[in-house]
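Encoded as structure tokens, the structure appears first; notes follow it.
Note that the structure is predicted; figures quoted are calculated from it, not measured. Just follow the structure's listing: the first ligand is 1, and inside any ligand the first atom is 1.
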Amino acid sequence: MPDIKAEIKKEVSRRKTFAIISHPDAGKTTLTEKLLLYGGAIRMAGSVKSRKANKFAVSDWMEIEKQRGISVTSSVMQFEYNNYCINILDTPGHQDFSEDTYRTLVAADSAVMLIDGAKGIEAQTIKLFHVCKLRGIPIFTFVNKMDRASKDPFELMEEIERVLGIRSYPMNWPIGIDGDFKGVYNRKLKQIELFTGGEHGQSQVSSQVGKVDDQVFADLLGSHYHGKLCEDIELLDMAGDEFDKRKIRSGELTPMFFGSAMTNFGVQPFLEEFLDLAPSPGIVEAIGSEIDPESDKFSGFIFKIQANMNPTHRDRLAFIRICSGKFKKGMSVRHVNAGKEVRLSQPQQFMAQERTIVEEAFAGDIIGLFDPGIFNIGDTLFEGGDNIRFKGIPIFPAEFFSRITPADTMKRKQFIKGIDQLSEEGAIQVFKQIDIGIEALIVGVVGALQFEVLEYRLKNEYGVQLRVQNLPFRHARWIKNEGLDPRKLNLPSTAIIVEDKLGRNSILFENEWSIRMAEERNKDLQLVDIATQD
Ligand code: G4P
């Protein structure tokens, strides 16, 4: 019998599972595609379909999702490079920004923060960064679009620290700025890498490598660029932070890379350095215990559910992040939350746009399981019985709220079914107002576009037309105090008391100011902005 422990150890150590976080248009699709290009997963850039979700109406977007078979919101892409097995978790992007985006980060071991060099840190990057920070995962920064006019690299470093509160360590330094990007200086190897070729980004670029004081480079770059580069390097070495692997691993220091995903410049050096520094799957905390990824017992948790991807049959996929052991097709495991055995049939993995049936997988991998309606977000699956359970997945605070009812009261049953389904997928958060006797549900979402998706899906999948009344609230806070009667609180008149679907009391506020007012007026009140799924 082959040594299973040795096999698991080897497989875990070569896995790198990460997500790319960025603001719309920073170049996430382009960079993902280029990583696949270097990984040999696609032969020519342009193969990954353009995902201009933000240029379509919601209905078009939903149609596109369905036609493609796998939803852009569900893809995780696996490919091999230099004997590493890489899983890129594709956070749904753009205007359809939702809680899903946050939740996906729970399954990642590290994150690549992609920044548009000309725009710097943008709103969605800040939100996503904070979720990564909360988890303490390492964050790598790739400053993109260096082929065009960009902010000064020192200014970008300062901005990262000022806006995000994290120090950065440039791993390389751009040579020639403002649309004349010639290459990078690699600080570790103390060498210049000038890029050429790449057929405008369609294929891999070649590079010319050498020492910084090599006369060839001084001649090639011209005295202006060469002199500026030497000054910058000196300044970085003198005044910059020291390279510190421990701080990188704990998310206190972000290694920073400059490049251009479009022209492929700097993509390969980034990939290689990233793979070297990024962590393989590590220990995962469960309630009362810690799970070693190299354990021979399979374990994993469900972080995402996606239903009705195929309109002809109501299929539902549950996405599992494997945390330990070896997954084998058809294996039986304990569904800890339901307290029963389940057979993991029809497991699927995702390569670019294809779904394939997976025979085996290891910690760090993501697989999609056919779900007959038995899984929920946050569920634990374990090969060794009921004795472990992963901590619940956070529910991130919704920012937009609406009161919804079915336009046709005869459709109430379908309405409830649809709302339950979407809430189980984590696409919406459902609340009930408890301080007045209104029956209508309040739905909260992280991105406003989710309301349109909600209306579209309820109409198309459940035949229910909605009546939607937008509400002015922007913040939900859960009440932490046990046994406190929220009706006795002295709240600002604009706040309302609600119950989430697990019956936990929360308060909806219009602004930060009223949250502070509630806290001031009720000294013992403890509010939290993130709860868990269970
Ligand atoms: P996203 O997924 O983060 O939203 O970004 P995406 O890759 O779709 O890129 C957004 C736009 O930025 C695209 O242009 C893309 O070509 C461009 N882009 C990406 N990387 C670079 C880069 O390194 N340099 C430059 N100059 N541009 C870059 P578009 O005009 O919206 O679309 P397309 O017609 O080029 O496909």
Quick one: which ligand 1 atoms are inside 4.0 Å of a heavy atom on Lys28? 1 (P), 2 (O), 3 (O), 5 (O), 7 (O)
Return yes if a side-chain donor-acceptor contact under 3.5 Å exists between Asn470 and Ser402, otherwise no. yes
What part of Met262, side chain, backbone, both or neither, has a heavy atom within less than 4.0 angstrom of ligand 1? both
Against Tyr102, only a single residue in Phe303, Phe129, Phe396 fulfils ring pair (Phe, Tyr, Trp, His ring centres under 6.0 Å); can you say which? Phe396
Looking only at side-chain N and O atoms, does Asn186 offer a donor or acceptor that is under 3.5 Å from a partner on Glu193? yes
Per-atom contacts of ligand 1 with Thr29, taking only distances under 4.0 Å to non-hydrogen atoms: 1 (P), 2 (O), 7 (O), 8 (O)
Atoms of ligand 1, numbered as shown, that sit under 4.0 Å from any heavy atom of Ser260: 22 (C), 23 (O), 24 (N)
Check whether the ring centres of Phe18 and Phe274 lie less than 6.0 Å apart, and answer yes or no. yes
Run the side-chain hydrogen bond (donor to acceptor under 3.5 Å, both in side chains) test on Tyr38 and Glu272 for me, step by step, so that the C-alpha distance in whole Å, both residues' side-chain angles and the decisive distance to 0.1 Å come before the verdict. CA-CA 10 Å; Tyr38 279 96; Glu272 290 182 0; over 6 Å; no
For ligand 1, which is the ligand I care about here, please tell me if Gly259 has any N or O atom under 3.5 Å from one of the ligand's N or O atoms. no
Indicate, with yes or no, if the rings of Phe142 and Phe270 have centres closer together than 6.0 Å. yes
Numbered atoms and elements of ligand 1 in range of Asp25, under 4.0 angstrom, heavy atoms: 1 (P), 3 (O), 4 (O), 5 (O), 10 (C), 12 (O)
Nearest non-hydrogen atom to atom 18 (N) of ligand 1 belongs to which of Gln124, Met146, Lys145? Lys145
Option nearest atom 20 (N) of ligand 1 (shortest heavy-atom distance, choices Leu31, Thr32, Asn144): Asn144
